[in-house]
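Everything on this sheet refers to the single structure shown next.
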Amino acid sequence: MLATGTGIAPMRSYLRLLFNDKAGANADGSRKFKGLAWLFMGVPYSKSLLYDDEHKEYKEKYPDQFKYDYAVSREDKNAAGQKMYIQTKMAEYTEELWNLMQDEKTHV
C-alpha cells in the first residue's frame with residue numbers, strides 16, 4: 001500500500017476493513033484477513049502523519065500482519081543524505097519487497 005499525504009484515505013478504509021470493522025471479522029471475532037498488509041506513507045512533515053494512532057494500534061494487535069513505514073521528506077534523510085521519499089524508503093526493503101512481489105498471493 002502506498003499513500004502520499006491525502007492519499008491515505010482509501011488505504012485507511014481498507015485497513016479498517018482488514019483490522020477493525022465488523023465486516024472483516026469472523027463469527028468468532030477473529031479476523032478474516034490472514035495475510036500481510038504493509039503501508040508506505042509519505043508526508044512532508046511528521047505533524048502531517050494522519051491516523052498514526054490507528055497504525056500503532058494495528059501493529060500492536062496484529063504484529064505479524066501489519067507493517068508500516070513513513071517517509072517524512074522534510075525531516076528524514078536517506079542513506080545518501082537526501083530527502084526521504086516513499087521510493088527511497090521502499091528501497092531500504094528491496095529484497096523483501098521483491099520476494100513478496102514474486103509470491104502469487106501478493107496483490108500489487
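Note: hydrogens, waters and symmetry copies are ignored here, and every other heavy atom, side chains too, is used.
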Next item on the list: Drop me the distance from Met11's CE to Leu39's CG, to the nearest 0.5 angstrom.
Entry: 7.5 Å

Item checked: Gap between atom NZ of Lys89 and atom CG of Asn78 - 0.5 Å precision -> 9.5 Å

Membership question, hydrophobic clusters at under 4.5 Å side-chain separation (ILVMFWY): are [Y] and [X] in the same one?
X	Y	value
Ile8	Tyr85	no
Met84	Leu50	no
Leu15	Val43	yes

Where [X] and [Y] come nearest, the two heavy atoms and their spacing:
X	Y	result
Arg74	Tyr45	CB-CE2, 3.4 Å
Asp64	Leu36	O-CD1, 4.1 Å
Gly29	Ala25	O-CB, 4.4 Å
Pro44	Ser73	CA-OG, 3.3 Å
Gln65	Phe33	NE2-O, 2.7 Å
Glu96	Lys67	OE2-NZ, 2.7 Å

Note to self: Please tell me whether Trp38 and Phe66 form a close aromatic pair, meaning their ring centres lie under 6.0 Å apart.
What the structure shows: no

For [X] and [Y], indicate whether the former's side chain and the latter's backbone hold a donor-acceptor pair under 3.5 Å.
X	Y	answer
Asp21	Ala23	no
Asn26	Asp28	no
Thr106	Leu100	yes
Arg31	Leu17	yes
Lys61	Phe19	no

Item checked: Tyr58/Leu18 under side-chain contact (heavy atoms from CB on, under 4.5 Å): CA gap, chis, key distance, verdict -> CA-CA 10 Å; Tyr58 299 151; Leu18 297 178; over 6 Å; no

With a 6.0 Å cut-off (strictly less than), is the heavy-atom count around [atom1] of [X], excluding the residue itself, greater than 12?
X	atom1	answer
Glu60	CD	no
Lys105	NZ	no
Lys56	NZ	no

Check: Please walk me through it: do Asp52 and Tyr70 pass side chain to side chain donor-acceptor pair (under 3.5 Å)?
Finding: CA-CA 10 Å; Asp52 185 52; Tyr70 296 145; 2.6 Å; yes

Next item on the list: Determine whether Met41 and His55 make a side-chain contact, defined as any pair of heavy atoms from C-beta on separated by less than 4.5 Å.
Entry: yes

Margin query: If you define the side chain from C-beta out and look only at heavy atoms, does anything of Tyr93 sit under 4.5 Å from Trp98?
Written below: no

Check: With Glu75, which residues qualify under salt bridge (Lys or Arg N to Asp or Glu O under 4.0 Å), at least two apart?
Finding: none

